[in-house]
A.B. asks: 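Sharing a structure with you now.
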Amino acid sequence: MNDNAPVVAFDLDDTLYKEMDFVYSGYRAVARRLADATGADAGRLFDIIAAGRPRGFEDALEYIAGLDDAERFTVDSMVEDYRAHQPEICLDGDAEAALTRLKAAGVHTVLITDGSTRHQRSKFAALGLDRFFAPEDILISEETGGDKTTLVPWTLVEERYRGHRLTYVGDNLVKDFYHPNQRGWRTVMLRDRGYRNVFAQRPTEYAALYRPQITVDTLIQVPLY
């Protein structure tokens with residue numbers, strides 16, 4: 001790199017979009033598959049799966065028991081359908097606006113996310129993130145060999161962007177801020193204003209090193225410099 005533009009790295013789930021939207025997308029896909037095979041109502045199956053989580057798939061099997069082709073389905077087959085589904089998700093409006101603003105300003109954007117290649121890349125495709133992140137700036141824990149509780153993703157970014165101002169934007173107090181705080185990054189937490197995040201935010205329960213330096217209500221407020 002021969003420029004000194006700042007770098008803003010983002011978490012994915014519950015930062016750029018709501019992870020529960022992905023979960024419900026998977027539930028809808030499973031419900032449709034069950035409904036197509038058995039004739040049961042897809043909407044009712046979705047409600048059963050969502051209301052019963054984490055035992056929703058078992059509840060759905062009980063609901064379709066005795067219907068045509070119901071014996072084809074098991075919890076394992078439903079889990080596979082969930083994992084293989086094409087997500088019906090979209091970027092939060094403020095996330096798209098913030099990424100567009102950063103790109104226009106010449107800021108380097110990086111994605112640091114934990115999870116499997118299969119899941120995370122299906123989300124990237126659905127969200128159209130290739131508009132904002134270069135392939136080499138997408139770091140998935142399964143591909144890098146280390147999640148955010150290790151030094152792996154942080155040192156990879158530091159090596160690529162040596163000498164740049166580094167900011168990390170996330171939501172999870174357990175793993176998003178500890179290492180970048182220790183390494184001199186600026187850290188920003190997107191507040192869960194609607195209480196929809198998979199992992200609840202309770203900052204006072206965590207030591208200072210686990211907390212962000214800045215908390216924002218919208219990604220538009222992420223500082224550039």
Side-chain angles (χ1 to χ4, degrees), residues 7-27 29 82-103 107-157 160-161 166-180 185-201 210 212 214-222:
V7 176
V8 180
F10 289 89
D11 172 47
L12 176 61
D13 301 309
D14 279 331
T15 297
L16 296 183
Y17 83 105
K18 287 299 183 185
E19 188 171 4
M20 284 307 302
D21 290 345
F22 174 80
V23 173
Y24 289 145
S25 171
Y27 290 169
Y82 175 90
R83 290 175 174 169
H85 90 281
Q86 297 300 308
E88 297 172 350
I89 56 177
C90 60
L91 285 173
D92 290 343
D94 68 314
E96 182 144 12
L99 290 170
T100 300
R101 166 177 168 255
L102 293 171
K103 183 176 181 179
V107 174
H108 300 293
T109 52
V110 175
L111 204 61
I112 301 176
T113 181
D114 291 346
S116 70
T117 294
R118 183 186 196 183
H119 266 168
Q120 301 308 81
R121 290 206 175 273
S122 72
K123 296 171 187 176
F124 301 159
L127 296 171
L129 291 180
D130 58 346
R131 293 172 291 164
F132 303 111
F133 300 94
E136 61 272 19
D137 287 326
I138 295 174
L139 306 181
I140 307 171
S141 61
E142 185 176 67
E143 297 176 5
T144 63
D147 66 19
K148 288 182 283 186
T149 67
T150 74
L151 292 176
V152 171
W154 316 108
T155 56
L156 286 172
V157 175
R160 175 168 172 74
Y161 289 104
L166 303 173
T167 298
Y168 187 70
V169 185
D171 71 283
N172 190 329
L173 288 149
V174 174
K175 59 183 180 178
D176 279 345
F177 310 118
Y178 177 79
H179 282 302
W185 295 39
R186 176 166 45 186
T187 55
V188 181
M189 183 176 77
L190 178 63
R191 196 194 317 266
D192 179 18
R193 297 170 66 192
Y195 302 101
R196 292 187 59 213
N197 285 11
V198 170
F199 298 102
Q201 294 174 342
Y210 286 85
I214 303 168
T215 298
V216 298
D217 290 323
T218 170
L219 293 184
I220 296 297
Q221 298 170 333
V222 173

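Positions are given from 1 along the sequence. FYI, side chains are in, hydrogens and waters are out, and symmetry mates aren't considered; it's all heavy atoms of this structure.
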A.B. asks: Are K175 and D147 close enough, and set up right, to give a salt bridge (charged side-chain N to carboxylate O under 4.0 Å, His left out), and what steps lead you there?
C.D. replies: CA-CA 9 Å; K175 59 183 180 178; D147 66 19; 5.9 Å; no
A.B. asks: Are Y210 and Y178 close enough that their ring centers fall under 6.0 Å?
C.D. replies: yes
A.B. asks: What's the separation between atom CG in L166 and atom OH in Y161, rounded to the nearest 0.5 Å?
C.D. replies: 10.0 Å
A.B. asks: Which heavy atom of Q86 sits nearest a heavy atom of S25, and at what distance?
C.D. replies: O-OG, 4.1 Å
A.B. asks: Could you give the distance from CG (L102) to CZ (F10), rounded to the nearest 0.5 Å?
C.D. replies: 5.0 Å
A.B. asks: If I take atom CG from residue L91 and atom OG1 from residue T15, how far apart are they, to the nearest 0.5 angstrom?
C.D. replies: 11.5 Å
A.B. asks: Considering all heavy atoms of both residues, which atom of I112 and which atom of A9 are nearest to each other, and what is their separation?
C.D. replies: CD1-CB, 4.1 Å
A.B. asks: Scan V188, V107, I214 and name whichever one has a side chain to side chain contact (heavy atoms under 4.5 Å, CB included) with T167.
C.D. replies: V188
A.B. asks: Specify the closest pair of heavy atoms between L12 and Q120, including all atoms of both residues, with the distance to one decimal.
C.D. replies: CD2-NE2, 3.8 Å
A.B. asks: Take H108 and R160 through the test side chain to side chain contact (heavy atoms under 4.5 Å, CB included) and record every step on the way to the result.
C.D. replies: CA-CA 11 Å; H108 300 293; R160 175 168 172 74; over 6 Å; no
A.B. asks: Classify the ring geometry between W185 and W154 as parallel (under 30°), tilted (30 to 60°) or perpendicular (over 60°).
C.D. replies: perpendicular
A.B. asks: Looking only at heavy atoms, what is the nearest atom pair of M189 and P212, with distance?
C.D. replies: CB-CG, 3.3 Å
A.B. asks: Using 0.5 Å steps for rounding, measure from the CZ atom of R131 to the NZ atom of K103.
C.D. replies: 8.5 Å
A.B. asks: Using side chain to side chain contact (heavy atoms under 4.5 Å, CB included) as the criterion, point out the one residue from D11, L219, T187 that pairs with V169.
C.D. replies: L219
A.B. asks: Salt bridge (charged side-chain N to carboxylate O under 4.0 Å, His left out), that's the test. Do E142 and R118 meet it? Break it down for me.
C.D. replies: CA-CA 9 Å; E142 185 176 67; R118 183 186 196 183; over 6 Å; no
A.B. asks: Taking side chain to side chain contact (heavy atoms under 4.5 Å, CB included) as the definition, give me every residue that meets it alongside R121, ordered by chain and number, with sequence neighbours left out.
C.D. replies: T117, F124, I138, I140, E143
A.B. asks: Holding to side chain to side chain contact (heavy atoms under 4.5 Å, CB included), I want the full list of residues that pass it with A125, two or more places apart in sequence or in another chain.
C.D. replies: none
A.B. asks: Is the count of non-hydrogen atoms from other residues, nucleotides or ligands lying under 6.0 Å from Q221 atom CD greater than 12?
C.D. replies: yes
A.B. asks: Looking at every non-hydrogen atom in both residues, tell me the closest pair between P153 and G146 and how far apart they are.
C.D. replies: CD-O, 3.7 Å
A.B. asks: Find out whether L127 and Y17 are in side-chain contact, i.e. whether some heavy atom of one side chain is under 4.5 Å from a heavy atom of the other.
C.D. replies: yes
A.B. asks: Mark yes or no: K123 above the aromatic ring of F22, with NZ or CZ under 6.0 Å from the six-membered ring centre and no more than 45 degrees from the axis.
C.D. replies: yes
A.B. asks: Nearest 0.5 Å, please: how far is CG in D217 from CG in D94?
C.D. replies: 10.0 Å
A.B. asks: How many angstroms lie between CG in N172 and CG in D192, if you round to the nearest 0.5 Å?
C.D. replies: 11.0 Å
A.B. asks: Considering non-hydrogen atoms only, spot the tightest contact between L151 and H179 and give its length.
C.D. replies: CD2-ND1, 3.4 Å
A.B. asks: Quick one: do M20 and V198 satisfy side chain to side chain contact (heavy atoms under 4.5 Å, CB included)? Show the steps, please.
C.D. replies: CA-CA 7 Å; M20 284 307 302; V198 170; 4.0 Å; yes
A.B. asks: With the side chain counted from C-beta on, respond yes when Q201 and D14 share a heavy-atom pair under 4.5 Å apart, and no when they do not.
C.D. replies: no
A.B. asks: Check each of D13, D21, D92 against R196 using the salt bridge (charged side-chain N to carboxylate O under 4.0 Å, His left out) test, and report the only one that passes.
C.D. replies: D21
A.B. asks: More than 12 non-hydrogen atoms from neighbouring residues, nucleotides or ligands closer than 6.0 Å to CZ on R83, yes or no?
C.D. replies: no
A.B. asks: Could you walk me through whether D176 and D171 pass the side chain to side chain contact (heavy atoms under 4.5 Å, CB included) check?
C.D. replies: CA-CA 7 Å; D176 279 345; D171 71 283; 3.8 Å; yes
